[in-house]
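Heads up: the structure comes next, in structure tokens.
Atoms within each ligand, like the ligands themselves, are counted from 1 in listed order. We use all heavy atoms of the structure for the numbers below, so side chains are in, but hydrogens, waters and symmetry mates are not. Residues: numbered from 1 along the sequence shown.
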Amino acid sequence: MTELTSLRHIPHANLFRKGDVFVLFGELFGRGYVNGLIDQARAAGMTIVGITVGRRDDNGTLRALTAEEHAEAEEKLGGRIINVPLMAGFDMDAPEGEQNPTELLSGITLKSWQEDKLDWAKIEACRAAGIKRFTGSVEKAMAEIDKLIPDGANAFFAHTMAGGIPKVKAFLAIANRIYKGRGERFMSSRALLDSDLGKLILMNFDEVTANTLQHLINGSAKIRARLESAGGQVRYTAYGYHGTEILIGDEYQWQTYTNYTQGYAKMRLESVAEAAWKDGVAATVFNCPEIRTNSSDIFVGVELSLFPLLKALKKEGGGKWADEQWKVCDSLLEEGTSVDDILDTIEKYNNDATSAEFRNFPAWPMDNTPALADVMIGTSEEITKLHKDKKELITDHLSSLVLEGAGPLMFHGAAEKIGPVLWLNHDIIAKQLTALHPEK
Ligand SMILES: NC(=O)c1ccc[n+]([C@@H]2O[C@H](COP(=O)([O-])OP(=O)(O)OC[C@H]3O[C@@H](n4cnc5c(N)ncnc54)[C@H](O)[C@@H]3O)[C@@H](O)[C@H]2O)c1
């Protein structure tokens, strides 16, 4: 079992400055967590470098970005992008002439998937092919990145990769039921994990979400050695998820979104950082709070834990600025409802015996249940309905605040070299936000 190692102070260590290089290992999306880190790197005057996962042609072949796509991505990042496709996972890989896992799964249906069996020797061969392709591409990309980091500079590698759901039609329907289904449409996450399909998905999550950090650390070893021998320093960060402490009543308590199928891969990610740390490599997984992004929108109810951040902002001395955040959130709600009403609903939800049962850190990640799906998805839908515009939710605003707070905590926390796994709970996020918005 992992020990809950929470960050309890605001780190102030300053390591990175103009001339140092920030390398984004993953792509940048509008609402993504890494925006918080990139803002810090930019403010420190660092040179920003990124990579691409590449794109797939209609026939599934992975390719680099076209000149137009490349220019657009560089414009968005505000830095150079190394155009070597770094799509992780092996769902579309196979030894020459063999079928890849997506093809091997093409026959499964909503009726048959629990009994359908996979040929594990074939799957292992596909996995080996995927790893070979990915590590080969990392090597090529790192040779380019090497040229962009001068001797004497420091480097910050920010890993964001997570994912690995294969594009198999039947699975998309299954995922919809597991993450969004209740009542008749409920589907058990345990049933998925016990099936061959589920086992394959967990393997692919491991490759994309966890093992890529190892490949990044290995692939950049030469750069690390060169920079360190010239007196420079290198840091690695990755985004973890392993539940979050939020205010329930007046106390910060650990809670989690359930069922977080990627949890096993996220624990593996923690072990990658722990092992690297023991070898003298400063790699830190920051376990971050639930926010709404392109990647998390599929998990209905994941956003419920965000609301009590408003209470944390007040508790941690947010003063007038915290009041303003309450007002912004109030203004998004329909007439006749208020943030207070929503916080009451959330408090009830958290005290409901059904959801309280899942606040079990050693048992994480637990399987879903019909009762949990009912109360969690039900509460989520009930709260969403109270907004004036379903496209402008309180959780959008709160997500952007969490991302803003996480940025400096990770940037300076990595510089301080605190440890391999750190939880950013609502207390420290609120403290950091309060420090960023002092009373005038
Ligand atoms: N959103 C949350 O609630 C939350 C909470 C804690 C941690 N995180 C973690 O934060 C990180 C960023 O996620 P986000 O929520 O900001 O969403 P995001 O969609 O902005 O980022 C997802 C990242 O994963 C990369 N990616 C996806 N599939 C990939 C593949 N097959 N190969 C290589 N890269 C791939 C994307 O390029 C992107 O950089 C992830 O590691 C995520 O697990 C998210």
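Considering Met161, Glu27, Glu290 only, the shortest heavy-atom separation from atom 34 (N) of ligand 1 involves Met161.
Checked against a 3.5 angstrom limit, the closest N/O atoms of Ala162 and ligand 1 fall inside it. Polar contact check, Ile291 against ligand 1: a nitrogen or oxygen pair lies under 3.5 Å apart. Close N/O approach between Arg31 and ligand 1 is not found [any backbone or side-chain N/O within under 3.5 Å]. At least one N/O-N/O distance between Ala88 and ligand 1 falls below 3.5 Å.
Within ligand 1, the atoms closer than 4.0 Å to a non-hydrogen atom of Tyr241 are 6 (C), numbered from 1 in the order shown. Near Leu86, meaning under 4.0 Å from any of its heavy atoms, are these atoms of ligand 1: 33 (C). Atom numbering of ligand 1 starts at 1 in the shown order; those under 4.0 Å from a heavy atom of Val53 are 33 (C), 34 (N), 37 (O). In the vicinity of Thr160, heavy-atom distances shorter than 4.0 Å reach the ligand 1 atoms 11 (C), 12 (C), 23 (C), 24 (O), 38 (C), 39 (O), 40 (C), 41 (O). For ligand 1, the atoms closer than 4.0 angstrom to any heavy atom of Ser296 are 1 (N).
With hydrogens left out, the protein atom closest to atom 44 (C) of ligand 1 is Tyr33 CD1, 3.7 Å, a heavy atom. Among protein heavy atoms, atom 15 (O) of ligand 1 sits closest to Thr293 OG1, 2.6 Å. Among protein heavy atoms, the minimum distance from atom 10 (O) of ligand 1 is reached at Tyr239 CB, 3.1 Å. Ranking protein heavy atoms by distance to atom 21 (O) of ligand 1, first place goes to Ser295 OG, 3.8 Å. For atom 20 (O) of ligand 1, the closest non-hydrogen atom of the protein is Gly32 CA, 3.2 Å. Scanning the protein for heavy atoms near atom 42 (C) of ligand 1, the closest one is Lys266 NZ, 3.8 Å. Of the protein's heavy atoms, Phe29 CE1, 3.8 Å lies nearest to atom 36 (C) of ligand 1.
By the 4.0 Å heavy-atom criterion, Asn287 is excluded from the residues contacting ligand 1. Contact between Gly240 and ligand 1 is present, with at least one heavy atom of the residue lying under 4.0 Å from the ligand. Residue His159 places every heavy atom at 4.0 Å or more from ligand 1. Using a 4.0 Å cutoff on heavy atoms, Gly30 does not count as a contact of ligand 1.
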- Evaluate salt bridge (charged side-chain N to carboxylate O under 4.0 Å, His left out) for Asp194 paired with Arg190, printing each intermediate quantity in order. CA-CA 6 Å; Asp194 285 344; Arg190 177 46 49 191; 3.2 Å; yes
- Task: Dump the intermediate steps for side chain to side chain donor-acceptor pair (under 3.5 Å) on Tyr241 and Glu290, then the final yes or no.
- Result: CA-CA 8 Å; Tyr241 178 69; Glu290 305 78 359; 2.5 Å; yes
- Task: I would like to know whether His242 and Tyr260 meet ring-ring contact (aromatic ring centres under 6.0 Å, His included); could you show each step before the answer?
- Result: CA-CA 9 Å; His242 199 148; Tyr260 188 63; 9.4 Å; no
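In this pair, His437 and Trp321 present their aromatic rings parallel. The plane angle is below 30°, not in the 30 to 60° band. Ring orientation note: the planes of Phe299 and Tyr179 are nearly perpendicular, at an angle over 60° on the 30°/60° scale.
Residue contacts with ligand 1 for Gln262 are absent, since no atom lies close enough (heavy atoms, distance under 4.0 Å). By the criterion of a heavy-atom distance under 4.0 Å, the side chain of Val208, and not its backbone, is placed next to ligand 1. Counting heavy atoms under 4.0 Å from ligand 1, residue Pro289 touches it through the backbone alone. In Val34, neither the side chain nor the backbone holds a heavy atom less than 4.0 Å from any atom of ligand 1.
The main-chain N or O of Tyr239 is found under 3.5 Å from a side-chain atom of Lys266 such that the two form a donor-acceptor pair. The backbone N or O of Leu28 sits less than 3.5 Å from a side-chain atom of Lys76, completing a donor-acceptor pair.
Checked for salt-bridge contact, Lys147 and Glu144 meet the test: a charged N lies under 4.0 Å from a carboxylate O. Contact check on Arg359 versus Glu245 returns no salt bridge, with no Lys/Arg side-chain nitrogen under 4.0 Å from an Asp/Glu carboxylate oxygen.
For Phe205 and Tyr264, the gap between ring centers reaches or exceeds 6.0 Å. The aromatic ring centroids of Phe156 and Phe16 lie less than 6.0 Å from each other. For His159 and Tyr236, the ring centers sit 6.0 Å or farther from each other.
For the pair Leu4 and Trp254, the minimum side-chain heavy-atom distance is below 4.5 Å.
Counting heavy-atom neighbours within 6.0 Å of Asp58 CG, excluding the residue itself, gives a total of 12 or less. Taking a 6.0 Å sphere around NZ of Lys391, one finds it holds 12 or fewer heavy atoms contributed by other residues, nucleotides or ligands.
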